[in-house]
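Some notes on the structure that comes next.
Since the model is a prediction, treat every value here as computed from it, not as a measurement. Values below: all heavy atoms of this structure, side chains included; hydrogens, waters and symmetry mates excluded.
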Amino acid sequence: MCAPDIALLEPLAQALDATVLELISGTRTKQERCPENVDSAVQKVLRYSQQELARKGKSTRRRSLLAACVCLVLLLVLPVLNGTLGGDGFAWRCIPAWLCARNAARALEDCDKEGIERYIGNAGGMYEALEELRGQGVVIRNAKAGFSRTRLDDMFLFTELELTVQQEGITYLFTCQGTWRNGKVELMEICAPDAQYDGPAWLPQLSEALATYDPG
C-alpha cells in the first residue's frame, strides 16, 4: 500500500523471510535467480542511501543554524552600520524612535485621530486640519518612516517620513523631517513658502498642519 522508510527495508525483509530485492520488487524469486551477492549489493546501496540521507540532514541543520547566527549578527550590526556608513551617529534609542515614527506615519495615512494624538507630539488640531484637507481632495496615500534615516546628531534624534500625497489625480512625494522625544514624534514643516510661492495652495496648509516641532 505504501513505500516503507528506507531504514526499515532490511529488518522488514528479515521478518518476512525474504530478500531485500524481493521486498522491493514485490515478487518472490527463485533462490538460484537471486544470488546472495545480488541481495548483498542491494543492502549496501540501501545503507549508502541511509548514510547520504543522514549526512544531508546534518548539513541542512548546520545551514539552518548558520543562517540563524547570520540573522542574529545582522540584527545587531545593521543598526550600527546605519550610523557609521550614513555618516550620522547611532544610539539604541533610534530603534524606538523609528517604531514611533512608523506608527505616526500609519496614523497619518489612515487619518487616525487616536493614533495621531498617541504618536505625534503637540498634535492638537492636526486631525481637524487633515480632515479639512481631505475635503479638498488632498489625501495621504502612503506614509512611511525610513529606519536608515533615523539617526542621532549632536544629541538630537532625527527621523524622516516619506509622504505620498494625491490631489486631483496628481501624486506628490514629500519628505517630512522630525525628532523624537518624550516618546513621541514631532514633525517639522514640509516647506516654508515665501511671498513669491506659486505652488499648490493646499501645500502650505498641509505643511502647517504637520508642523508640530517645538524647539523650546
Among residues at least two apart in sequence or on other chains, which ones pass side-chain contact (heavy atoms from CB on, under 4.5 Å) with [X]?
X      : result
Arg134 : Cys111, Glu131, Val139
Glu109 : Asn142, Ala143
Arg63  : Ser59, Thr60
Asp198 : none

Whether Asn182 side chain and Lys184 backbone form a donor-acceptor pair below 3.5 Å: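 Not at all, since once roles are kept as given, no pair shorter than 3.5 Å links the two residues.
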Heavy-atom donor-acceptor pair, Arg151 side chain to Arg149 backbone, under 3.5 Å: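 Yes, the answer is positive, given that a donor and an acceptor are paired below the 3.5 Å cut-off.
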Nearest non-hydrogen partners of [X] and [Y], listed with the distance:
X      : Y      : answer
Val185 : Ala97  : CG2-O, 4.5 Å
Ile120 : Ala123 : O-CB, 3.4 Å
Leu152 : Cys94  : N-SG, 4.3 Å

Residues forming a side chain to side chain donor-acceptor pair (under 3.5 Å) with [X], sequence neighbours excluded:
X      : result
Gln14  : none
Ser64  : none
Arg141 : Gln166
Arg181 : Glu186

ILVMFWY network linking Val165 to Leu108, side-chain heavy atoms under 4.5 angstrom: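 Shared cluster, yes.
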Ile116-Val138 co-clustered via ILVMFWY side chain contacts under 4.5 Å: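 Yes, Ile116 and Val138 fall within the same hydrophobic cluster.
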Any side-chain heavy-atom pair of Asp112 and Tyr127 under 4.5 Å: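 Sidechains of Tyr127 and Asp112: no contact.
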By salt bridge (charged side-chain N to carboxylate O under 4.0 Å, His left out) - contacts of Lys144 (at least two apart):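 Partners of Lys144 by the salt bridge (charged side-chain N to carboxylate O under 4.0 Å, His left out) criterion come out as none, since no residue qualifies.
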At what distance, to the nearest 0.5 angstrom, does [atom1] of [X] lie from [atom2] of [Y]?
X      : Y      : atom1 : atom2 : value
Leu66  : Cys71  : CG    : SG    : 9.5 Å
Leu161 : Arg106 : CG    : CZ    : 12.5 Å
Ile140 : Asp110 : CD1   : CG    : 10.0 Å
Tyr119 : Leu99  : OH    : CG    : 9.5 Å

Within residues 164-185 or reaching into it, pairs that qualify as ring pair (Phe, Tyr, Trp, His ring centres under 6.0 Å) - sequence neighbours excluded: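 As it turns out, the ring pair (Phe, Tyr, Trp, His ring centres under 6.0 Å) pairs with a partner in residues 164-185, which skip direct neighbours, are Tyr172-Trp202.
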Worked check of side chain to side chain contact (heavy atoms under 4.5 Å, CB included) between Leu133 and Gln136: CA-CA 5 Å; Leu133 286 167; Gln136 302 175 32; 4.3 Å; yes
Review item, side-chain donor-acceptor pairs of residues 207-216, under 3.5 Å, at least two apart:
{"from": "Ser207", "atom 1": "OG", "to": "Ile190", "atom 2": "N", "distance (Å)": "2.9"}
{"from": "Ser207", "atom 1": "OG", "to": "Cys191", "atom 2": "N", "distance (Å)": "3.3"}
{"from": "Ser207", "atom 1": "OG", "to": "Cys191", "atom 2": "O", "distance (Å)": "3.0"}
{"from": "Thr212", "atom 1": "OG1", "to": "Gly121", "atom 2": "O", "distance (Å)": "3.1"}
{"from": "Thr212", "atom 1": "OG1", "to": "Leu187", "atom 2": "N", "distance (Å)": "3.1"}
{"from": "Asp214", "atom 1": "OD1", "to": "Gly216", "atom 2": "N", "distance (Å)": "3.1"}

Linked hydrophobic residues, Leu173 as query - side chain contacts closer than 4.5 Å: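 None, because no other hydrophobic side chain comes under 4.5 Å of this residue.
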